2 protein chains.
Amino acid sequence: MATPQDRQLVEQWRSIQTTYFRTAGAIDRALESRFNIGLTEFEILDLVAESEDAACRMKQLGERTPMTQSAMSKVVDRLDKAGLVSRHSCEDDRRSLFLELTDAGRALHREAAIEHRALLKENLA
Amino acid sequence: MATPQDRQLVEQWRSIQTTYFRTAGAIDRALESRFNIGLTEFEILDLVAESEDAACRMKQLGERTPMTQSAMSKVVDRLDKAGLVSRHSCEDDRRSLFLELTDAGRALHREAAIEHRALLKENLA
DNA sequence: TGTCATTCAATGACGTGTCATATAAGTTGG
DNA sequence: CCAACTTATATGACACGTCATTGAATGACA
């Protein structure tokens, strides 16, 4: 039934959950109030900022986050409407989309990343 | 700007996210398909099962999970409607609620816990 | 080339979480 | 004992994520 190993697994799991929710919540609230974007939006910005060179990225980005394809699509839509990224269709495969930070997006990312890293440091100690 | 320490923090964070989503997703799908309850429902069942003695537990349970009070209330509502727990109002403080597993709840929890522990083991290795 | 399958992204219906608030019960100070 | 405050839970509006599906482009191959 409830072996000691089971208990230890459950403890470990709850600890992950706690860390995850505490950290995600803190970052989300901070970004929301200071920059009007949520954590998921920032995470996409961050991925785009990291890969300012590759092409046709929408798909590849999806592979680097636990987000669903559908979730990605909606987040990118919000970022686009907020004027932080722009979508360009790929020359060689017109199904794919190529993402780029706008100047506003780049500026916001620069600021927000500082906050983001600081809160990670504070919460993952 | 992006110090090595920053990068390491971000890596660590993404790793937590990945583990969290992979594990939660696996458990949620399994419980959903085999027992018709989601992960959050199970987690409340699990907490109630653990504390089969204390009184007025709704509040205390809230302190042992990152869930919001409002979320708790709704999850418990679903569990109640599904006939897995029952709510009894407290004699000494009629604002508080006292939760109890029903027989069905206890039986389901017993089965589901096995699945839950197995998936934790598989994912948190 | 014409069909059939596959891949990329977007969308609508839906469930569940959050915030703000409501309701009800308890507490405290005059 | 009554106002004002606090605490425990429930609820409604709303935001966001998921699943299933669609539309469009590509690929594979007879």
Side-chain angles (χ1 to χ4, degrees), chain A residues 17 20-22 24-33 36-44 47-48 54-82 85-100, chain B residues 17 20-22 24-33 36-44 47-48 54-82 85-100:
Chain A
Q17 286 186 303
Y20 178 73
F21 282 115
R22 181 172 23 79
I27 299 175
D28 196 59
R29 278 186 294 279
L31 295 182
E32 199 75 64
S33 74
N36 270 298
I37 62 169
L39 174 55
T40 39
E41 279 83 10
F42 174 80
E43 282 173 340
I44 297 301
L47 285 178
V48 176
C56 303
R57 269 177 274 140
M58 188 100 174
K59 185 68 197 317
Q60 285 99 311
L61 255 50
E63 288 158 10
R64 308 181 49 188
T65 169
M67 260 182 267
T68 299
Q69 177 269 317
S70 150
M72 270 278 303
S73 177
K74 292 180 186 191
V75 174
V76 169
D77 210 53
R78 275 176 257 146
L79 287 171
D80 189 352
K81 274 167 186 143
V85 305
S86 55
R87 289 182 269 207
H88 308 284
S89 74
C90 248
E91 290 302 304
D92 40 316
D93 183 347
R94 270 165 308 183
R95 291 168 303 180
S96 294
L97 283 186
F98 171 71
L99 299 185
E100 249 182 24
Chain B
Q17 287 188 302
Y20 178 73
F21 282 116
R22 181 173 23 79
I27 299 176
D28 196 59
R29 279 186 294 278
L31 295 181
E32 199 74 65
S33 74
N36 271 297
I37 63 169
L39 174 56
T40 40
E41 279 82 10
F42 174 80
E43 282 173 341
I44 296 301
L47 285 178
V48 176
C56 302
R57 270 178 275 136
M58 187 98 175
K59 187 67 198 318
Q60 286 99 307
L61 255 51
E63 289 158 10
R64 309 180 48 188
T65 168
M67 260 183 266
T68 298
Q69 176 269 316
S70 151
M72 270 277 303
S73 177
K74 292 181 184 188
V75 174
V76 170
D77 209 53
R78 274 176 256 145
L79 287 171
D80 190 353
K81 275 169 185 141
V85 304
S86 55
R87 288 182 271 205
H88 307 285
S89 74
C90 248
E91 290 302 305
D92 41 315
D93 182 348
R94 269 167 308 184
R95 290 168 305 179
S96 293
L97 283 184
F98 172 71
L99 299 185
E100 250 182 20

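Per chain, numbering begins at 1; letters A, B, ... match sequence-line order. Since this is a predicted model, take the numbers as computed values, not measurements.
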Visitor: Do A/Gln17 and B/Glu43 make a side-chain contact, defined as non-hydrogen atoms from C-beta onward lying under 4.5 Å apart?
Guide: yes
Visitor: According to a strict under-4.0 Å criterion, is A/Arg94 in side-chain N/O contact with OP1 or OP2 of D/dT26?
Guide: yes
Visitor: If the cut-off is 4.0 Å, is A/Arg95 near the phosphate of D/dG27, judged by side-chain N/O to OP1 or OP2?
Guide: no
Visitor: Does A/Thr65 use its side chain to pair, donor to acceptor, with the backbone of A/Gly62 at less than 3.5 Å?
Guide: no
Visitor: Between B/Ser96 and B/Arg94, is any pair of side-chain heavy atoms under 4.5 Å apart?
Guide: no
Visitor: For the pair B/Tyr20 and A/Phe21, name the ring-plane relationship: parallel under 30°, tilted 30 to 60°, perpendicular over 60°.
Guide: perpendicular
Visitor: Taking the side chain as everything from C-beta on, heavy atoms only, tell me whether B/Asp77 gets closer than 4.5 Å to B/Arg87.
Guide: yes
Visitor: Looking at B/Gln69 and D/dA8, is any side-chain donor or acceptor paired with a base atom of the opposite kind under 3.5 Å?
Guide: no
Visitor: Could you write out each protein N or O paired with an N or O of nucleotides 15-17 of chain C at a distance under 3.5 Å?
Guide:
residue: C/dG17; atom: OP1; partner: B/Thr40; partner atom: OG1; Å: 3.3
residue: C/dG17; atom: OP2; partner: B/Arg78; partner atom: NH2; Å: 2.7

Visitor: Under 3.5 Å, is there an N or O donor on one side and an acceptor on the other linking the side chain of B/Ser70 and the base of C/dC19?
Guide: yes
Visitor: To the nearest angstrom, how far is A/Leu79 atom CG from C/dA10 atom C1'?
Guide: 16 Å
Visitor: What is the nucleic acid contact for A/Asp93, judged by heavy atoms within less than 4.0 Å: base, sugar-phosphate only, or nothing?
Guide: sugar-phosphate
Visitor: Specify the residue among A/Arg29 and A/Arg87 whose closest nucleotide of DNA chain C lies further upstream toward the 5′ end.
Guide: A/Arg87
